[in-house]
Protein chains: 2
Amino acid sequence: MAKTVVVALGGNALTREGESGTFEQMRANANAMARSVASLLRAGWRVVVVHGNGPQVGNLAIQQEEGAALVPAQPLFCLGAMTEGQLGSLIALALRRVGTSDQTRGAVAVVTHVVVNPDDPAFDNPTKFIGPFLSKDQAESMAAIRGWVVKQDGNRGYRRVVPSPEPVAILEAGAIRALTEQGQVVIAAGGGGVPVIRYPTGYGGVDAVIDKDYAAQVLATSLPAEALVLVTAVDTVLLHYGTPDQKAIHEMAVGEAEQYLETGEFPEGSMGPKVRAACRFLRAGGELAVITSPELVYASLRETVTELEGESGTKIVRVKPLIASA
Amino acid sequence: MAKTVVVALGGNALTREGESGTFEQMRANANAMARSVASLLRAGWRVVVVHGNGPQVGNLAIQQEEGAALVPAQPLFCLGAMTEGQLGSLIALALRRVGTSDQTRGAVAVVTHVVVNPDDPAFDNPTKFIGPFLSKDQAESMAAIRGWVVKQDGNRGYRRVVPSPEPVAILEAGAIRALTEQGQVVIAAGGGGVPVIRYPTGYGGVDAVIDKDYAAQVLATSLPAEALVLVTAVDTVLLHYGTPDQKAIHEMAVGEAEQYLETGEFPEGSMGPKVRAACRFLRAGGELAVITSPELVYASLRETVTELEGESGTKIVRVKPLIASA
């Protein structure tokens, strides 16, 4: 039976640094993303794509505010659902362009809801900056009118800050599994998914942003998938970053990775969450986690690639094979 | 095996006449919509929900224009994809609230693309008004800057007008079928689906709005579904509307309905497309088409309801049963 891989890509893979976020820019970037995924499809993997939505939901939030005098602005979780439609469509069409010429598989985007715990400490300590920079006056006004929590973000002004709770479960996991089993490439949990809380009457949205790498891990564990690939801007995780001892890691066992996390080797703002998501996936039964650049996704999942070849990303495994420690 | 019904509901079922379109309004309306669908689930039907998006995509278009000085406005088909996420999430959560207490079924929204023919005559004759009213100056400016086609809409000003081509195929039909077979309630082809054209490189979006009743028919035929329900504001189709001979139709054979269409009995702006969608569905093998209000959806699908009881909507059937013509 074919193995399943969950591939998580950043929202800045669709709107790159310096781009304004036009549709044409996003389509070109989606095509590049799709080519990197297509190599996995050709190798026989079942693929689920999780994408970020930072730049896109930021743009939507600006448009909502600019139009607020004329039509009601929608809550943040609703904007998240909108970007699942927007980017899901974009990526699905891009995957069909590259992925279905030599096979009959379709690509389908599923609007995904991710359950969070209302008692998650993140709700008392919002840390995730979203949307545009505001002046002090604007920030105070939005706090008063909309109940936003606003904080200073560096020296560029004030921004809205929202909770980033841990994902607990994926409401659509069964549907996504059924689609992968049918041979579909599935786009799911975009932007980390629409965060929902279980109320006595049922699930309802909550204004928060779930880390997409953590959401990808919960999805990968739920399916279950054999592999989790966290795509980032660099080829490999670096040890002792920025010091003379800096060194690329091509393979590490989950225990090693956890030790590095404990000693603060990977900062929370960058590699920390990715390495943690990888470790959680392996501890929950996953076979292989990879952190790498779009270019090395395929090479990192080829079974014949060994550490010695040096052309793969960072593989994190349950137990390091003997050959690697030889 | 359980039978499948495709239920098409208007976007104004989610944002009602006189409402501004706040999230709270839409959530309350979605809950009402879900209760009407839940009765079908309890009766054992597999259900696919198709929804309109007129008011919501109109609001999004206003926000996009108001924010255009700061961030790039997205093309119309992309706004359609956004409303598939927005309303798909809303309806999926509402269905879970009412529909899963007594069963294990989930509800899942699928971002759906609908293929149209680039040679469709609608592209040379855009007829569908969308978005906000504009002054003559604004209209001329948008025509010059964005290449919009604008036309006067009654005496309230100018509006953008877009093609409304015929739906040809549903890219995600196989995925939607797999999900219904798994017992999921599926929300699909929202707003008529994202219209796409097949280019040499693959499918790409095109600025158009597909009639959601026609899209629902193509989806119902593709699955295939046994029944198609087109929900509207009135309980039944009326014959000789607005004349002393006005009469509610409770059942008609497809041949009769086609004759009425030919003689112009049903205006194109209201019942015409619904009756036509119903006829196409039956001619393509469907068993039963219903046009009715949300309140009578369930009664109209109960097999024991006959014309004589007078409490169902308008049923259109392939061949009128003997009892009805007795």
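Per chain, numbering begins at 1; letters A, B, ... match sequence-line order. The structure presented is a predicted model; accordingly, all values stated were derived computationally and were not measured.
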Test item: [X] side-chain N/O and [Y] main-chain N/O as donor-acceptor pair under 3.5 Å:
X	Y	answer
Arg27(A)	Gly204(B)	no
Gln74(A)	Gly21(B)	yes
Gln182(B)	Gly174(A)	yes

Go through it in stages, so that I can follow the logic: the residues are Val71(A) and Glu66(B), the test is side chain to side chain contact (heavy atoms under 4.5 Å, CB included), and I'd like the CA-CA distance, side-chain angles, deciding distance and then a yes or no. CA-CA 10 Å; Val71(A) 297; Glu66(B) 292 295 308; over 6 Å; no
Taking atom CD of Glu17(B) as the centre, does the number of heavy atoms from other residues, nucleotides or ligands within less than 6.0 Å exceed 12?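 Atom CD in Glu17(B) is not packed in, count stays at 12 or less.
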Check whether [X] gets within reach of chain A through its side chain, its backbone, both or neither, counting any heavy atom under 4.5 Å.
X	answer
Tyr199(B)	neither
Ala68(B)	neither
Val196(B)	side chain
Ile176(B)	neither

Greatest number of heavy atom pairs closer than 4.5 Å to chain B - which of [options]:
options	result
Thr112(A), Leu171(A), Leu87(A)	Leu171(A)
Ala109(A), Gly202(A), Ala73(A)	Ala109(A)
Gly88(A), Gly67(A), Pro72(A)	Pro72(A)
Glu181(A), Glu84(A), Glu172(A)	Glu172(A)

Of all heavy-atom pairs between Met82(B) and Leu60(A), which one has the smallest distance, and what is that distance?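 Met82(B) and Leu60(A) have their closest heavy atoms at SD-CD2, 3.9 Å.
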Specify the closest pair of heavy atoms between Ser89(B) and His113(A), including all atoms of both residues, with the distance to one decimal.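 It is OG-NE2, 2.8 Å.
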So which of Pro75(B), Ala69(B), Gly80(B), Gly205(B) has the biggest tally of heavy-atom pairs under 4.5 Å with chain A?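 Option with the top pair count is Pro75(B).
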Heavy atoms only, distances under 4.5 angstrom: which of Ser20(B), Ala81(B), Gly58(B), Gly190(B) has the most pairs with chain A? Name it, please.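 Heavy-atom pair counts peak at Ala81(B).
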Is chain B contacted by the side chain of [X], its backbone, both, or neither, given a heavy-atom distance below 4.5 Å?
X	result
Leu79(A)	neither
Ala92(A)	side chain
Gln64(A)	both

